[in-house]
Amino acid sequence: MLEKIKKFFSKEIKEIGDLKNLEQLRVKYLGRKSELTQILRSLKNFSIEKRRKIGPQAQKLKKEIEIILTKKLKELKAKNSKLKVDIDITRPGEKIKLGHIHPLTKIEEEIRQIFLSMNFSVVEGPEVENEHYNFDALNIPPNHPARDMWDTFWLKTQTNTDYTQIDTEGLYKSVSSQYKSMLLRTHTSPVQIRYMETHNPPFQIIVPGRVFRYEAIDASHEINFYQLEGLIVGENVSLANFKSVIEEFFRKLFGNKIEFRFRPSYFPFVEPGLEVDIKLGKDWLEIMGAGMVHRKVFDAVRYNPNEVRGIAFGVGIDRLAMIKYNIPDIRLFYNGDLRFIKQF
Ligand code: PHE
């Protein structure tokens with residue numbers, strides 16, 4: 001009898017693959033109605049002899065079955081918990097990282113809004129420029145010493161070389177390249193020329209954009225940075241207009257507290273030229289070049305210098321951001337460190 005129970009149990013336990021079936025098996029072999037329990041219960045009806053013989057054997061089998069069931073139970077539970085780790089839908093998910101507005105983008109947007117509110121239009125121009133727009137038309141001819149003010153990244157192009165082309169009659173013809181030397185713009189001023197060539201005064205525009213300089217990098221200089229050009233052209237434009245425009249601009253960008261001053265300076269494309277300094281603590285910080293548009297610039301775009309006047313200014317957007325957000329080093333804008341970016 002006991003031998004038979006043991007044999008069937010051993011066979012059945014091998015086929016158990018989940019907890020529900022295991023419990024059914026336990027009930028079948030150790031439950032109240034199981035054969036083994038029946039045997040143990042009916043021991044008292046047996047003779048002493050029989051009781052002594054079967055009693056311990058039945059107890060031993062019960063223990064054995066219990067041990068095997070426990071072992072199986074542990075195995076199945078371990079297997080189940082492993083499965084659960086993979087599919088536990090109640091666990092909090094990993095946070096998805098969202099993109100972040102760069103401080104330079106943020107301040108540029110703010111600057112655009114300020115000038116839009118003063119009725120300026122926003123204009124953009126190419127980052128790869130030619131010599132004509134970046135220098136010549138701005139009254140900086142080749143070999144002009146002022147070219148040294150802008151250390152330039154020149155690009156390798158088919159500059160001024162002759163090449164052969166098939167003309168309209170199908171004949172080979174040698175032509176001289178119309179391309180001027182190409183470069184990465186060193187300032188946003190070339191967009192002054194591009195805009196005036198295609199528009200008539202009066203107008204007032206700003207030109208935010210990326211510029212490039214072949215310079216040594218330090219805490220306040222980068223080889224690429226951002227500028228904001230401003231250009232106002234009309235009949236009676238004067239430096240007084242300029243002063244009121246930038247007064248409003250500074251007030252809106254920094255609040256009332258900012259103090260600034262004009263200082264005479266030189267740029268080939270303005271006359272008179274000046275620089276604007278902002279007061280920070282005890283120090284004056286130079287942040288902007290400006291002046292009345294030079295007659296030669298008007299000549300270059302075929303405006304009549306006797307009929308129109310203009311003011312132009314150029315300001316470093318990075319500098320403005322450094323002042324506004326209290327950032328000590330311009331390189332922080334460009335090294336891609338998320339710990340920095342996330343603060344804005
Ligand atoms: N383009 C000049 C610069 O990059 C700044 C400037 C703009 C000065 C307009 C005068 C007028 O330094």
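In each ligand, atom 1 is the first atom listed, and ligand 1 is the first ligand listed.
- Salt-bridge annotation for Lys106 and Glu109: absent, with no side-chain N of the basic residue lying under 4.0 Å from a carboxylate O of the acidic one.
- Here Glu64 pairs with Lys6 in a salt bridge; the nearest charged N to carboxylate O distance falls below 4.0 Å.
- Counting protein heavy atoms only, atom 5 (C) of ligand 1 is closest to Gly314 CA, 4.1 Å.
- Ranking the protein heavy atoms by distance from atom 8 (C) of ligand 1 puts Gly289 C, 3.4 Å first.
- Listed by atom number, the atoms of ligand 1 under 4.0 Å from Ser189 heavy atoms are 1 (N), 7 (C).
- Two rings, from Tyr195 and Phe203, have their centers less than 6.0 Å apart.
- The atoms of ligand 1 that sit less than 4.0 Å from any heavy atom of Trp150 are 3 (C), 4 (O), 12 (O).
- When His294, Glu229, Gln227, Arg185 are ranked by how near their heavy atoms come to atom 4 (O) of ligand 1, first place goes to Gln227.
- Side-chain atoms of Ser117 and Lys252 include a donor-acceptor pair closer than 3.5 Å.
- Residue Arg213 approaches ligand 1 through these ligand atoms, each under 4.0 Å from one of its heavy atoms: 3 (C), 4 (O), 12 (O).
- Once rounded to the nearest 0.5 Å, the distance linking CZ of Phe120 with CG of Leu116 reads 10.5 Å.
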